[in-house]
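So that the names make sense, note that chain A is the first sequence line, chain B the second, and so on, each numbered from 1. Computed over heavy atoms, backbone and side chain alike; hydrogens, waters and symmetry mates excluded.
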Amino acid sequence: ADIISTVEFNHTGELLATGDKGGRVVIFQREQESKNQPHRRGEYNVYSTFQSHEPEFDYLKSLEIEEKINKIRWLPQQNAAYFLLSTNDKTVKLWKVSERDKRPEGYNLKDEDGRLRDPSMITTLRVPVLRPMDLMVEATPRRVFANAHTYHINSISVNSDYETYMSADDLRINLWNFEITNQSFNIVDIKPANMEELTEVITAAEFHPHHCNTFVYSSSKGTIRLCDMRTSALCDRHAKFFEEPEDPSNRSFFSEIISSISDVKFSHSGRYIMTRDYLTVKVWDLNMENRPIETYQVHDYLRSKLCSLYENDCIFDKFECVWNGSDSVIMTGSYNNFFRMFDRNTKRDVTLEASRENSKPRAILKPRKVCVGGKRRKDEISVDSLDFSKKILHTAWHPSENIIAVAATNNLYIFQDKVN
Amino acid sequence: MFVRGLKRKCFDGEEDIEGTLAGIKAIPSYNLQRQSLLDMSLVKLQLCHMLVEPNLCRSVLIANTVRQIQEEMTQDGTWQMINTQSTGQASVDRLVSTDILCRSSREQAEGKHVPGYSTFSKDFEGDQAQDSSETMSTASSVQPPRNLPSNVWEMENPQENKGNFQKSLDQIFETLENKTPNSVEDLFSEVDNSYYDLDTMLTGMMSNTKMGHCDGLESFSSPTTTTSSSNCKSDLNELDHIVEILVES
């Protein structure tokens, strides 16, 4: 099994898609709840697996293009088929996932194996009929949106008009129409004329969930810009600029690196945005640009270890963050297969672990604690024992229920609320 | 050769370190910390994956960190001190070697025993500190100015930086072995024994395997013509130039 690189529920929560480093997409479907087994409250089983992207070679630059799936985004369902966008560093693809449970039988010109029949042997005509067959789920690429990005794509976001979507790389954001693959509009370009002057890159971008003209993008300097596409074709000038003033007492050579935003997500309501930087998750009110309304410490005990984390490159890890369906709880990952949840109302938080050794299936997860210094209690883990190779970068929350998907390297964990 | 047995006149003035890295308890001085951070950052900028495009965000963040350190060092006057000491060399692009010089001369001046940066990384800084005294002697025999990365990897003295050099070479070779199995032998056959220079090796590798950002690394191996007046600004410009190359590729 390959390292999972993205996880995403669809809009109903019925399907869960994962993308991995090998370019594969695996879709899980929730079982229908049955009265016979009430304790199995809709488990997720594999529904479809397909190879979305293949490794490519850019002959002009003599560089490999990785097939790793960076992001998957679902389209809202409009007919029996499911549609999703998946992207690697350079190419976005629209996939159609559809079911087939009947097949036609009784052709005149070919037999059941598909071999052509000799026309002179045909003496009667018959009408082909549809007969049931074993359910087959097929995935077909419907559109390929290629050659629009010089730099590595980090985000894709479907617009609320369901007709357009955007793809963002380190320096540019492009707007696409789903029907048109040979053209895209460039809506943000922060590439300096002289690359020597480059000091800031785009790290994530997302459309507003309801206003199809509004989107945000975050940068490596810890800023978020909100843009309105109605103002101009090229959204180089932001409508709003969100930045928290630096805390001079915490200043170090690593300040900029840890302020780099790795993920930005609108709340379902569209009123707030959440950003993740290396040590914190912040919630911003769209109406207030000068500072976030809430800041949550994910793993502040790492603040004193920044130099080591810089040395082993962990400081560049890009963690994602997610809202729950009602925007009351936010979740993000950490190291040692830990992930954290913050309740915005009660201000309580919890650290949980996604690991087979430490929890049996169907057992309730035990909260974990990292001990910072001094005496370590029995169940605590000391900072120095944390495994930095076990990082939870990708998580997803069901749109309406308390079911979460957590990707721990090459394992996918699905947790749900305790059933009474 | 690690200098052993030197009494370390240190922060509290009392601690006596007998030359074992493991025994370090005191925090290295801010300047040394900053220096090792600078060195580490420069190494990170150079060590990019051979076959896949380097991560632009990471490169930009590291480059910004380097700039920040250099700006602070300029303000400190530490930068000026480095440049005035290294006369007779175009120190503009000899960033690292002059730092090593500065470090070793500072050590001599202050009689300090380099604590070894084992607080940060095991092999890397330790080896550098270890070999700093040898660098002093080899520096003068170093060939005409080359770009800064080549100095880090100077192999004229085989002892020098052998820990981190080996580690990074291993990384590069490992990448090669996984992707292009035949090229590893090719590159060994191509190596000119007269100077064991990493960038020559890399150039050799690249002409064999046609690796992507050879334009970036090749420019590292070509000596830059620099003016004799070495000042901080041109150092910064040089770094910008290197960053530009990395970023362009």
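What you find for A:K318 and B:C57 is that their closest heavy atoms are NZ-SG, 3.5 Å. A pairwise comparison of heavy atoms in B:E53 and A:T150 identifies OE2-O, 4.4 Å as the closest pair.
A:E200 touches chain B through its backbone: at least one of N, CA, C or O sits under 4.5 Å from a heavy atom, while the side chain does not. Only the side chain of A:T203 has a heavy atom closer than 4.5 Å to any heavy atom of chain B. With a threshold of 4.5 angstrom between heavy atoms, A:S259 does not approach chain B through any atom at all. The parts of A:T199 that come within reach of chain B are both its backbone and its side chain, each placing non-hydrogen atoms under 4.5 angstrom from that chain. Proximity to chain B (any heavy atom under 4.5 Å) is restricted, for A:L171, to the side chain, taken from C-beta onward.
Ranked by non-hydrogen atom pairs under 4.5 Å with chain B, the options A:R251, A:K305, A:E66 are led by A:R251.
Atom-to-atom distance recorded for A:L198:CG and B:L56:CG is 5.5 Å, nearest 0.5 angstrom. The line from CZ of A:F253 to CG of B:L38 is 9.0 Å long, rounded to the nearest 0.5 Å. Rounded to the nearest 0.5 angstrom, B:Q68 CD and A:S255 OG are separated by 7.0 Å.
Geometric assessment of B:K44 against the ring of A:Y310 yields a positive cation-pi assignment under the 6.0 Å and 45° thresholds.
Between A:D313 and B:R58 there is a side-chain heavy-atom pair separated by less than 4.5 Å. For the pair A:C307/B:Q33, no side-chain contact is recorded, criterion being any heavy-atom separation below 4.5 Å from C-beta on. A 4.5 Å side-chain heavy-atom check between B:L61 and A:E256 finds at least one atom pair inside the cut-off.
The neighbour count for A:D189 CG, taken as heavy atoms of other residues, nucleotides or ligands under 6.0 Å away, is above 12.
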